[in-house]
J.: 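I'd like to ask some things about the structure below.
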Amino acid sequence: MQLSQKFYDAFKLCGSPPIARKLHAQLILSGLDASLFLLNNLLHVYSNCGMVDDAFRVFREANHANIFTWNTMLHAFFDSGRMREAENLFDEMPLIVRDSVSWTTMISGYCQNGLPGHSIKTFMSMLRDSNHDIQNCDPFSYTCTMKACGCLASTRLALQLHAHVIKLHLGAQTCIQNSLVDMYIKCGAITLAETIFLNIESPSLFCWNSMIYGYSQLYGPYEALHVFTRMPERD
RNA sequence: ACACUGACUCUUUCC
């Protein structure tokens with residue numbers, strides 16, 4: 001077995017700061033810290049262990065950062081609530097490097113840090129600034145944006161996003177349907193959620209849970225329970 | 001090198 005493979009496996013298992021540091025030291029000693037692939041994995045390990053500063057040190061010392069390096073670091077900052085640093089990093093990213101993952105990380109990062117309004121603004125920037133249409137058709141960008149819309153509880157915006165995903169022919173994708181249902185529920189627009197839900201041949205667990213939540217909020221526990229009993233598979 | 005980055009619901013007993 002290759003040594004690099006061993007590092008890769010060890011990174012996958014590593015969940016504690018002392019082990020992370022030890023692996024880092026051994027990576028340097030072995031000379032394999034020249035491998036960007038392994039450095040990217042180390043970056044992810046540091047991020048998972050809540051060691052953002054160590055992650056950033058690895059990032060700065062990496063000679064030729066690729067898209068994985070940038071995006072992993074971006075996510076690391078948001079994960080630890082360091083939004084300003086995430087923003088700075090995003091601004092520093094060369095435009096050629098930025099991809100739909102970078103944008104989606106920004107959108108979801110703001111939302112997870114309690115700033116759904118920023119998510120929407122970022123989404124608008126994405127549509128405006130990235131000329132590549134392919135980059136604007138990533139379903140993950142829309143699931144994250146719709147989540148932010150739900151947090152804002154804006155039915156008006158929800159309808160616009162809905163029209164947008166239909167126009168891009170993303171409406172048949174399961175994750176998009178999940179997000180549409182949940183977005184409308186969070187906006188309190190249960191009729192619109194039902195319209196989507198009833199048109200899905202086999203709704204996912206995500207959808208069912210969103211509907212149950214919606215009914216419980218609007219009609220109380222008994223109606224919610226009624227929906228629950230109609231689920232084909234309960235867990 | 002077919003390995004590395006972002007999602008969508010609920011839950012996750014401190015009181």
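Keep in mind that this is a model prediction, so the values were computed, not measured.
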J.: Please confirm whether the ring centroid of A:Phe228 lies under 6.0 Å from the ring centroid of A:Tyr215.
T.: no

J.: Would you say the side chain of A:Leu159 lies within less than 4.5 Å of the side chain of A:Tyr184, judging by non-hydrogen atoms?
T.: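 Yes, at least one pair of side-chain atoms sits under 4.5 Å.
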
J.: Taking any heavy-atom pair under 4.0 Å as a contact, classify A:Cys175: base, sugar-phosphate, or nothing.
T.: base

J.: Between the base of B:rG6 and the side chain of A:Thr105, is there any donor-acceptor pair under 3.5 Å?
T.: no

J.: Using whole Å, report how far CG of A:Leu205 lies from P of B:rU11.
T.: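 For the pair A:Leu205 CG and B:rU11 P, the rounded distance is 14 Å.
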
J.: Is there aromatic stacking of A:Tyr8 on B:rA3 here, judged by a ring-centre distance under 5.5 Å and a plane angle under 30°?
T.: no

J.: Ignoring hydrogens and geometry beyond distance, is the side chain of A:Asn178 in donor-acceptor contact with the base of B:rC8 at under 3.5 Å?
T.: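 Result: at least one qualifying N/O pair found.
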
J.: Under 4.0 angstrom, heavy atoms only, what part of the nucleic acid is A:Thr72 near: base, sugar-phosphate, or nothing?
T.: sugar-phosphate

J.: When the distance from CG of A:Leu74 to P of B:rC4 is rounded to whole Å, what number comes out?
T.: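 Rounded to the whole Å, the gap is 19 Å.
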
J.: OP1 or OP2 of B:rC8 versus the side-chain N and O atoms of A:Lys186: is any pair under 4.0 Å?
T.: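 Looking at the OP1 and OP2 atoms of B:rC8, neither is under 4.0 Å from any side-chain N or O of A:Lys186.
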
J.: Round to the nearest Å and state the distance from A:Phe37 atom CZ to B:rC2 atom C1'.
T.: 12 Å

J.: Rounded to the nearest Å, what distance is computed from the CE atom of residue A:Met93 to the C1' atom of nucleotide B:rG6?
T.: 11 Å

J.: Are A:Gln112 and B:rA7 close enough that a side-chain N or O sits under 4.0 Å from OP1 or OP2?
T.: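 A:Gln112 to B:rA7 OP1/OP2: side-chain N or O found under 4.0 Å.
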
J.: Hey, are A:Asp54 and A:Arg57 close enough for a salt bridge, meaning a charged N less than 4.0 Å from a carboxylate O?
T.: yes

J.: Under 6.0 Å between ring centres, would you say that holds for A:Phe197 and A:Trp208?
T.: yes

J.: Using whole Å, what does the distance between atom P of nucleotide B:rU9 and atom CD1 of A:Ile212 come to?
T.: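 Roughly 15 Å, once rounded to whole Å.
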
J.: Does a side-chain N or O of A:Lys12 approach OP1 or OP2 of B:rA3 to a distance below 4.0 Å, or not?
T.: no

J.: Evaluate whether the aromatic ring of A:Phe206 and the six-membered ring of the B:rC8 base sit under 5.5 Å apart, centre to centre, with an inclination under 30°.
T.: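 It does: the ring sits over the base of B:rC8.
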
J.: Where the side chain of A:Asn66 is defined as all heavy atoms beyond and including C-beta, which of B:rG6, B:rC4, B:rC8 is the nearest nucleotide?
T.: B:rC4

J.: Check the distance between B:rC10's P and A:Tyr213's OH and give it to me in whole angstrom.
T.: 7 Å

J.: Hey, is the side chain of A:Asn40 pairing donor to acceptor with the base of B:rC4 inside 3.5 Å?
T.: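 Result: at least one qualifying N/O pair found.
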
J.: Strictly under 6.0 Å, is that where the ring centroids of A:Trp70 and A:Phe59 end up?
T.: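 Yes; A:Phe59 has its ring centre under 6.0 Å from that of A:Trp70.
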
J.: Looking at B:rC10, B:rG6, B:rC4, which one has an atom nearest to any side-chain atom of A:His75?
T.: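 Between B:rC10, B:rG6, B:rC4, the one nearest the side chain of A:His75 would be B:rG6.
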
J.: Tell me which nucleotide among B:rC4, B:rA1, B:rU9 gets nearest to the side chain of A:Phe68.
T.: B:rC4

